[in-house]
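Presented below is the structure to which this report refers.
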Amino acid sequence: MQQREFIGLEDQFGAHNYKPLDVVLSRGKGIWVWDVDGNKYLDCLAAYSAVNQGHCHPKIMQAMIAQAEKLTLTSRAFRNDQLGPFYQELCELTNSHKVLPMNSGAEAVETAIKTVRKWGYTVKGVAEGRAEIIVCDNNFHGRTISIVSFSTDENARAGFGPFTPGFKRVPFGNVAAFEAAITDNTVAFLVEPIQGEAGVLIPPDGYLKQVREICDRHNIVLILDEIQTGLGRTGRLLAEEHEGIEADLTIIGKALSGGFYPVSAVLSNTEVMDVLQPGEHGSTFGGNPLACAVARAALQVLFDEKLIENSDEQGEYFLNELKKISHPHIKEVRGRGLMLAIEFFPEVGGARAYCNKLKEQGVLAKDTHENIVRFAPPLVIKREEVDMILNAIKKVLPIF
Ligand SMILES: *Cc1c(COP(=O)(O)O)cnc(C)c1O
């Protein structure tokens, strides 16, 4: 079948809730993907940072196949021999003391929201039904009704009400606004260390440190959504390390499975997680043996192959080289680790057209909003391959 026919099938039979670049992929290895006609591309999105370990990593694949031959799903009605070791390894690596496994990122965010609400009522002493959670403008935490209830993205919200109450929004990166929004009913602050979907927005230095301090002072749970920033993406295992802090709840997902399987988790550094009692929350697939085996291998690969250090090193090189590119339409380049972006002036826009041109140069990147292009390749990338991306970026700039 031709690319055109695959695209036709998607358009004819699928819901139109995405607008993908017109490239039909059928194979991937490391940082590379191939389309059905055999054209090769350097993947600069890495499935929104779910494939940090690179496409079809052989060690994760082996773990998946081996576990699939033994046991895939028990439900949590019974125990399985992968869950305990997964918990232990994840806790040791992240310095956490409790884990709650789920599948998608949005489910893990929902889990954190439920947990802090219950903590608010049973530990902090907030009156039933009054718990408030503070979130940030331009946040992205997923697509469920409760999560889009506190989104500022009209596309994500319009037509989906009525919405879930109990959320307050403040500007991202502004500690004074955050502190001013706190009331006796505030149970948590939910924030991304770097706002990925908003266009790789990096808060001022010291922001999270001050946020941590304010949360302590007001007895508020700090929830960091590290679904995209976590697991090596920003050059640290968790982005919180850049500020030397620890969240109370940390949400991870995406690269937790290296792209093989949906696996997410809420990590708890405090007693907050202890408020959940048997029967109060769960998921049929959450913590299943196949997911746990895959996640254990995916975590192992991050460390064995020093991917976190590589992200830091290649990311720094990438950003420095980006900064040397000067073009009248570039407003800013920014990044941390291998999470980078070029922002064009808003009146220029052109991000989508730019991505289409990059594709012709063999680089797949994704526009966010009309004027921002994100670069987030798998963390296995090497210096020469970063250079290939940089060359493509330079070559395509004259489209403006
Ligand atoms: C991707 C993402 C989510 C949602 O994860 P899904 O697996 O798509 O539900 C939540 N938060 C952040 C920061 C993300 O990048």
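Numbering starts at 1 and runs along the sequence shown. Whatever order the structure lists them in is the order used to number ligands and atoms, beginning at 1. Nothing here was measured: the structure is a model prediction, and the numbers come from that model.
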Quiz item: With V51, which residues qualify under side chain to side chain contact (heavy atoms under 4.5 Å, CB included), at least two apart?
Solution: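 With neighbours one apart ignored, the set is A46, A47, H55.
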Practice problem: Test T183 against every option in R130, E132, H218 by the side-chain hydrogen bond (donor to acceptor under 3.5 Å, both in side chains) rule and name the one that passes. | Solution: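 Considering R130, E132, H218, a side-chain hydrogen bond (donor to acceptor under 3.5 Å, both in side chains) with T183 is found only for E132.
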Quiz prompt | Ring geometry between F178 and F189 (parallel below 30°, tilted from 30 to 60°, perpendicular above 60°) | solution =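 Aromatic pair F189/F178 classed parallel.
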Exercise. Check whether any side-chain heavy atom of I251 sits under 4.5 Å from a side-chain heavy atom of S264, and report yes or no.
Key: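 They are not in contact (no side-chain heavy atoms under 4.5 Å apart), so the answer is no.
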Practice problem: Compute both the distance and the angle, then confirm whether R169 meets the cation-pi test with F150: under 6.0 Å from the six-membered ring centre, within 45 degrees of the axis. | Solution: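 Relative to the ring axis of F150, which defines the angle, R169 lies outside at least one limit.
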Exercise. For Q210 and E179, test the side chains for any donor-to-acceptor distance below 3.5 angstrom and give the result as yes or no.
Key: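 Per modelled atom types, Q210 and E179 side chains form no pair under 3.5 Å.
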Quiz item: ligand 1: which residues have a non-hydrogen atom closer than 4.0 Å?
Solution: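 The 4.0 Å shell around ligand 1 contains S104, G105, A106, F140, H141, G142, E192, D225, I227, Q228, K254.
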